[in-house]
Amino acid sequence: MNFNKICVLGLGYIGLPTASTFATHGIRVVGVDVNQRVVQTLQNGEIHIHEPGLRTLVQAALKSGNLTIADHPEPADAFIIAVPTPFRQADDSGQAAGTPRADLRYVISAAESIVPHLRPGNLVILESTSPPRTTVDVVAPILEKSGLRAGEDFYLAYSPERVLPGQILRELIENARVIGGVNPASAQAGHDLYRVFVRGKILQTTATTAEMVKLMENTTRDVNIAIANEFARLAERLGVDVWEAIALANLHPRINILRPGPGVGGHCISVDPWFLVEAAPETARLIRTAREVNDEQPARVVARIRDALGDLTGKRVAVLGLAYKPDVDDLRESPAIEVAHLLQEAGADVIAYEPYKVEHAVPGIPAAPDLESALKGSDILAFLVAHTPFRELRPEAAAALTEARLVVDTVNLCDPAAWEAAGFTLHRLGVGI
Ligand code: SAJ
């Protein structure tokens, strides 16, 4: 199949790089977003999200004339839906109390907006991470309101995005891509579209398998992080240094234990496993427990800070790092922010320093303009993200900036001997005494 023009609905972390990459590969692309601010920002040649290399790519795509930005779809050969699928707590849906459910309203309204433009022979691809069966049970019936039949009159497929924030542009092109069609012809049409720029393998399967693949990937990572966090708790109980134990265990050729930490953040791994729990709560028991273990980590970090400091009332805590993982500026679903809020609830006076987003503007969390202002007057330093600037901080330099001599290290970035030699007492997550 040949594609001259495509419409990408949703210009976020996935839609914008995808739209721009198609455009720089010679396809005419209409990038659609319902948010007027996003539309205007892009029309002015600016971008609203941070990702290395994205600004240059978007500007090249706009300059080529192949990428245009609009607030509604128009007729095209293919439509790609890349809108968010957040999750919300259960309501009266009959799910066990507290089981978050996928919120499909953006997927539904994007599919509805395509209906008036859908023509025989078109291809529609859903990329948003979704509960299994969404493509066949939710998206197909909406598109069929056009009078056309999915798989017969138009092609319909699911293709998960698997790119790592911070490396999106490279991984978009190089990663293997899974395309699941509602029938083989739809998977083939999806293959033909992504072949335009994907250099990795393109593997064809069914739509529901492709949905499941994506959820299994992120769930596996979540469960693996949960076991690392559980090992850290056991190590604290048993008087073991979990970091040393993990390093030794990982010498085994078939073992790769991940890193414990203050919790699992970001908009994917902390969300996607719930889509499997939602699909079969009575079956997805391990998955639910792993989610709960990881979600408890921020409270455990606060408990460690309390162990070090005693009553937190009025104590000044330098929260070092707010991003959801090292060396990114993305604060979405960040466990570090939850730690900051829990500290405040316990009466602490929190000052946060995020080197990649100095003016972070998280409501209620005061931002230090630099490390010096964060450290000055603090009673304790809490390292919550293993950012490179923190890794490179020399303990003598830190000691010169603050009277505080207590450090809580939740990400194993402090060399214990060096920090202790500089006069600090170190409390390390996952290290028992
Ligand atoms: N984390 C740990 N310990 C570890 C590894 C990670 O606590 O050993 C934490 C991080 O600090 C962070 C969270 O887990 O808070 C998630 O970070 P991540 O780097 O594991 O993953 P994401 O969310 O940035 O990207 C993931 C990737 N999925 C997998 O690696 C299976 C990416 O390929 C997906 O495209 C992305 O989710 C997504 O959009 O679904």
Side-chain angles (χ1 to χ4, degrees), residues 1-23 25-35 38-39 42 61 66-85 104-130 134-161 172 177-183 185-198 202 204 207 210-211:
M1 238 183 118
N2 279 330
F3 299 92
N4 296 315
K5 179 180 174 189
I6 66 172
C7 231
V8 177
L9 291 90
L11 296 176
Y13 279 88
I14 301 303
L16 185 57
T18 304
S20 309
T21 305
F22 272 117
H25 284 72
I27 308 269
R28 271 197 300 143
V29 181
V30 183
V32 179
D33 205 290
V34 293
N35 184 328
V38 170
V39 171
L42 291 168
N66 279 338
L67 177 64
T68 50
I69 308 294
D71 60 5
H72 56 273
E74 42 184 88
D77 301 315
F79 299 86
I80 296 177
I81 301 174
V83 296
T85 41
L104 289 178
R105 83 182 80 162
Y106 303 113
V107 170
I108 291 169
S109 69
E112 283 170 345
S113 75
I114 295 172
V115 173
H117 307 291
L118 198 63
R119 303 281 176 267
N122 280 174
L123 165 66
V124 180
I125 296 200
L126 177 63
E127 280 208 22
S128 312
T129 304
S130 303
T134 300
T135 307
V136 283
D137 288 350
V138 178
V139 176
I142 294 174
L143 296 173
E144 288 182 345
K145 287 187 197 159
S146 62
L148 303 173
R149 307 283 307 159
E152 290 172 23
D153 305 315
F154 67 95
Y155 303 107
L156 176 60
Y158 181 82
S159 182
E161 57 83 9
L172 202 57
R177 189 170 266 273
V178 175
I179 313 258
V182 296
N183 60 345
S186 292
Q188 182 61 42
H191 168 281
D192 296 348
L193 176 62
Y194 287 103
R195 219 351 125 222
V196 168
F197 67 75
V198 171
I202 302 183
Q204 299 181 36
E211 290 164 346

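All residue numbers in this chain count up from 1 along the given sequence.
Between the CG atom in Asn35 and the CG atom in Leu11 there is a gap of 10.0 Å [rounded to 0.5 Å]. Here the straight-line distance linking atom CG of Leu193 with atom CD1 of Ile202 works out to 9.0 Å at 0.5 Å rounding. The line from CG of Asn122 to CZ of Phe3 is 9.5 Å long, rounded to the nearest 0.5 Å. The OG atom of Ser159 lies 11.0 Å from the CD atom of Glu211; values are rounded to the nearest 0.5 Å. The CG atom of Leu118 sits 5.5 Å away from atom CZ of Phe154, with the distance rounded to the nearest 0.5 Å. Residue Thr68 holds its OG1 atom at 11.5 Å from CG of Leu42, rounded to the nearest 0.5 Å.
Among residue pairs with one or both ends in residues 13-22, none qualify as side chain to side chain donor-acceptor pair (under 3.5 Å); sequence neighbours excluded.
Between the side chain of Asn183 and the backbone N or O of Gly151 there is at least one donor-acceptor pair closer than 3.5 Å. At distances below 3.5 Å, at least one donor-acceptor pair connects side-chain atoms of Lys5 with backbone N or O atoms of Pro75. Ser128 contributes a side-chain N or O that, together with a main-chain N or O of Val83, makes up a donor-acceptor pair within less than 3.5 Å.
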Exercise. Take Val124 and Leu156, measure what side-chain contact (heavy atoms from CB on, under 4.5 Å) needs, and give me the verdict at the end.
Key: CA-CA 5 Å; Val124 180; Leu156 176 60; 3.9 Å; yes

Quiz item: Thr135 and Ser130: side-chain contact (heavy atoms from CB on, under 4.5 Å), yes or no, with the steps?
Solution: CA-CA 8 Å; Thr135 307; Ser130 303; over 6 Å; no

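Shown here are the salt bridge (Lys or Arg N to Asp or Glu O under 4.0 Å) partners of Asp137, two or more places apart in sequence or in another chain: Arg133. Taking Glu152 as the reference, nothing meets the salt bridge (Lys or Arg N to Asp or Glu O under 4.0 Å) condition, with sequence neighbours excluded. In terms of the salt bridge (Lys or Arg N to Asp or Glu O under 4.0 Å) criterion, residue partners of Arg149 (sequence neighbours excluded) are, by chain and number, Glu144. Under the rule for a side-chain hydrogen bond (donor to acceptor under 3.5 Å, both in side chains), Lys145 has no partner lying at least two apart in sequence or in another chain.
Of all non-hydrogen atoms in Glu161 and Thr129, the two that sit nearest each other are OE2-OG1, 4.2 Å. When all heavy atoms of Ser186 and Tyr155 are compared, the closest pair comes out as OG-CA, 3.4 Å. Contact record, Val29 with Ala23: CG2-N, 3.7 Å, taken as the closest heavy-atom pair.
With contacts defined as side-chain heavy-atom distances shorter than 4.5 Å, the pair Asp77/Leu123 does not qualify.
By the 30° and 60° cut-offs, the orientation of the rings of Phe197 relative to Phe22 is perpendicular.
Tested against Leu126 for a side chain to side chain contact (heavy atoms under 4.5 Å, CB included), the candidates Ile80, Thr85, Ile81 yield a single pass: Ile81.
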Let me have the donor-acceptor pairs involving side chains of residues 108-117, under 3.5 Å, with sequence neighbours excluded, atom names and distances please.
from	atom 1	to	atom 2	distance (Å)
Ser109	OG	Arg105	O	3.4
Ser113	OG	Ala110	O	2.7
His117	NE2	Pro73	O	3.2

